[in-house]
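Order of the sequence lines sets the chain letters (A, B, ...), proteins ahead of strands, with each chain counted from 1.
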Amino acid sequence: MENVRVRFAPSPTGALHIGGVRTALFNYLFARKNRGTFILRIEDTDQNRFVDGAESYIKEALNWCGLIPDESSEIGGDYGPYKQSERKEIYQQHVQHLLDSDHAYYAFDTPEELDEMREKLKETKATNQQYNSVTRMSMKNSLTLSVEEVEEHIKSRQPYVIRMKIPLKEEVRIHDIIRGWIVVHSSTLDDKVLMKSDGFPTYHLANIVDDHLMKITHVIRGEEWLPSVPSHVLLYRFLGWEDTMPKFAHLPLILKPDGNGKLSKRAADKAGFPIFPLNWKDPQTNDLSQGFKEEGYLPEALINFLSLLGWNPGTEQEIFSLKELEDAFSLEQVNKAGTKFDIDKIRWFNEQYIRSLDSGLLANQLIANLEKIGHVCEKESAVAIVELLKDRITFPSDLTDLSLIFFEEPIFFDEKVVRKKLTAETNNALSLFAKVMSEKDALSAEEIRKLFSITLNDAGINPGSVMQMLRVCLSGGSSGPDLMGVMQILTPKKSSERILHSLDQVKHLIKD
RNA sequence: UCCCGCAUGGUCUAGUGGUUAGGAUUUCUGGUUUUCACCCAGGCGGCCCGGGUUCGAUUCCCGGUGCGGGAACCA
């Protein structure tokens, strides 16, 4: 394949959301797979929607995900600037070319006049209410006004836009790598605004000009762009660039969990999961949105999950590192249907990745978290606790809650278990075991297991029958980590004390 | 309303003109674990509907329905 160049082109109108991350990921993977170049371009042509901090947020988020661009405004590159607000003269130049070749025209209609036109068309039950090849002849533009009038308008600083002159009758064929051929009639297209009255280009113009100038070979983006591709193809043609036009691939959208509509922040809030990679504080409302990172998701899990949203490897492999994805990815394996966001699946991925995380690392986090609530924990026992708990948690922070049994005496005891399991015999057996344990110093879990078994067997009691009660004595609850491991970390002496103390608390419930 | 797209268990998906339609997740059950979890095994559950082509259609074609996207001086 030719020298592949792709771009991720977000606009800094807020935090980058999960759908954007997926688009960035697929661009990145496609670039890596084909030994191409991944470019980050900031599309900040809308001055009204500009949000402070959004651009740096986007960069930080991509960084956290490991999707590092090869070219960007920060990193540089041979095709800059990579920010559209810094490319205004370039667009001006090209729109002039379109004006000169009669593919674009000035339009002086005010927003009120446009509304009026649409209202009128609605009343006449026109099939659509567009500014297009038929309606433009009754509007105020350089097609209907004389050359002198146009000059006069411009000279007197009347606001105007530059619109694209869509041909009346033409079939526009577009090819999409994921969807195949699509045919659209130009009569259904409107005369898109190319240049706004503030002198900034619209997305349509800027994106074509930049993709051409930056030698983009493949445009990979969300399906919401599919309807505007015909206009884009026409633009390439009018600018004389159709031969080198990039190939298109429109990704299926990520939908709300219930499947009705594009995934939105609102929907994510409602369903109780994050939508932004990192925490985001909206500078306008001051609302803080919790990010995937801060919720405890690992970037590897997020990326792995996202990679399988609309793409599949064609094999049954599910766990992929970014590196593996770079080798396995292909646009041909991207499917067409929209994808509902399933929070259970990403939780599962997180669990998988947490298990492969270094215990020392998790232990450090655990120590810090415990310190916040006033518990001191040595590194060595923190590592032991992590080892014991690692495969039972979804988020690293779950460790803190689960490890509380090592630092706090149980206060509540699972009554169901106590009522069912606590007999005089159980009581005696556990007391006996506690006594034996009180005489020991450090023991491994395996040694404790043996000791437990021998002690109970010698007393003629089935060890299995007292297990649940032992758990309640040690932790208060009826489920939790391996008991022998718990006692090892607790130390035999402490375990012994705790068993006796707990028995004392519940002994009034002994049944005969 | 118009334009465009899409349709395999609840969810993510593989796949085929003839298959017991495969995997993952979720959930349930059993096994293992003298405890809990992991793990292992199993169960429930699916080709949107109608027509056509065909010996045979989930697969190809047409229509319908449903769902999604778009219809800005937003991207």
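Between the side chain of Glu113(A) and the main chain of Thr110(A), a donor-acceptor pair closer than 3.5 Å is present. No donor-acceptor distance shorter than 3.5 angstrom exists from the side chain of Ser187(A) to the backbone of Leu168(A), with no hydrogens or angles considered. Here the side chain of Ser502(A) pairs a donor or acceptor atom with the backbone of Arg498(A) at under 3.5 angstrom. Under a 3.5 Å cut-off, the side chain of Asn304(A) and the backbone N or O of Glu318(A) do form a donor-acceptor pair. In this structure a side-chain-to-backbone donor-acceptor pair under 3.5 Å is missing from Ser475(A) to Val472(A). Judged by distance alone, the side chain of Asp109(A) and the main-chain N or O of Asn141(A) form no donor-acceptor pair under 3.5 Å. No donor-acceptor pair under 3.5 Å is formed between the side chain of Ser72(A) and the backbone N or O of Leu40(A). Side-chain atoms of Asp211(A) never come within 3.5 Å of backbone atoms of Ile216(A) as a donor-acceptor pair (strictly under, hydrogens ignored).
Atom-to-atom, CD of Gln130(A) to P of G70(B) comes out at 15 Å; the value is rounded to the nearest Å. Counting to the nearest Å, the P atom of U35(B) and the CG atom of Leu422(A) are 19 Å from each other. The distance from atom CG of Asn141(A) to atom P of C73(B) is 14 Å, rounded to the nearest whole Å. The nearest whole Å value for the distance from the NZ atom in Lys122(A) to the P atom in A71(B) is 14 Å. With rounding to whole Å, Phe108(A) atom CZ is found 14 Å from C73(B) atom C1'. In this entry the distance linking NE2 of His232(A) with C1' of A75(B) reads 10 Å, nearest Å. Protein atom CD1 of Ile405(A) is 17 Å distant from nucleotide atom P of U35(B), rounded to whole Å. The distance between atom CZ of Arg449(A) and atom P of C36(B), rounded to the nearest whole Å, is 13 Å.
In the model, Arg7(A) has a side-chain atom that pairs as donor or acceptor with a side-chain atom of Asn207(A) under 3.5 Å. Using a 3.5 Å distance cut-off with no hydrogens or angles, the side chains of Gln47(A) and Asp198(A) do not pair a donor with an acceptor.
Comparing C3(B) with U8(B), their C1' atoms are spaced 28 Å from each other, to the whole Å. The same atom, C1', is picked in A37(B) and in G70(B); the two are 49 Å apart, to the nearest Å. Between the C1' atoms of U13(B) and U58(B), the separation comes to 15 Å (whole Å). Taking atom C1' on both G68(B) and G56(B), the two are 34 Å apart, rounded to the nearest angstrom. U54(B) and U59(B): their C1' atoms are spaced 13 Å apart (whole Å). When the P atom is compared between U27(B) and G66(B), the two are found 33 Å apart, to the nearest whole Å. Look at the P atom in both G45(B) and G63(B): the space between them is 35 Å, to the nearest Å. Only the P atoms considered, C47(B) is 23 Å distant from C62(B), to the nearest whole Å.
Once rounded to the nearest 0.5 Å, the distance linking OG of Ser85(A) with CG of Asp44(A) reads 3.5 Å.
In this structure, Lys494(A) places its NZ atom where only 12 or fewer heavy-atom neighbours from other residues, nucleotides or ligands lie under 6.0 Å away. By the neighbour-count criterion of 12 heavy atoms within 6.0 Å, atom CG of Asp52(A) is sparsely surrounded, having that number or fewer from other residues, nucleotides or ligands.
Classified by interplanar angle (parallel below 30°, tilted 30° to 60°, perpendicular above 60°), the ring pair Trp311(A)/Phe320(A) is perpendicular. Taking the six-membered ring where the residue is Trp, His232(A) and Tyr203(A) present tilted rings, their angle falling between 30° and 60°.
Pair assignment for A7(B): U65(B), on the basis of Watson-Crick or G-U wobble contacts that are both within less than 3.5 Å. In a base pair of the Watson-Crick type (N1 to N3 plus N6-O4 or O6-N4) or a G-U wobble (N1-O2 and O6-N3), with each distance short of 3.5 Å, U1(B) is matched with A71(B). Across all strands shown, G42(B) forms a Watson-Crick or G-U wobble pair, both distances under 3.5 Å, with C28(B). Nucleotide U53(B) has no partner under the Watson-Crick or G-U criteria, as no pair reaches both atom distances under 3.5 Å. Pairing of A37(B), defined by two Watson-Crick or G-U wobble distances under 3.5 Å, is not identified with any nucleotide.
Comparing C73(B), G23(B), A75(B) against the side chain of Glu316(A) picks out G23(B) as the nearest. The side chain of Asn128(A) sits closest to C2(B) out of C2(B), G23(B), G68(B).
If you check every strand for non-hydrogen atoms under 4.0 Å, Ser228(A) touches nothing. Among the atoms of the strands shown, only primed sugar atoms or phosphate atoms (P, OP1, OP2) are found under 4.0 Å from some heavy atom of Val193(A). Within 4.0 Å (heavy atoms only), Gln129(A) reaches no atom of the nucleic acid at all. Among the heavy atoms of the strands, none lies under 4.0 Å from Asp115(A). As judged by a 4.0 angstrom heavy-atom cut-off over every strand, Lys262(A) is placed among residues touching the sugar-phosphate backbone only. Note on Arg347(A): nothing from the nucleic acid sits closer than 4.0 angstrom, heavy atoms only.
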In 5'-to-3' order, the base (B), backbone-only (S) or no-contact (-) status of each nucleotide in nucleotides 5-14 of chain B, using a 4.0 angstrom heavy-atom cut-off, is SSS---BSSS
Its contact letters, B for base, S for sugar-phosphate only and - for none at protein heavy atoms under 4.0 Å, make nucleotides 37-49 of chain B read BSS----------
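When the side-chain nitrogen and oxygen atoms of Lys196(A) are compared with OP1 and OP2 of C74(B), one or more of them lie within a distance under 4.0 Å. Applying the 4.0 Å criterion to OP1 and OP2 of G68(B), one finds that Asn260(A) has a side-chain N or O inside that range.
A heavy-atom distance below 4.0 Å to RNA chain B is reached by these residues of residues 458-471 of chain A, ordered by number: Asn462(A), Pro463(A), Gly464(A), Met467(A), Arg471(A).
With RNA chain B read from its 5' end, the first of the two nearest nucleotides for Ile454(A) and Thr202(A) is the one closest to Ile454(A).
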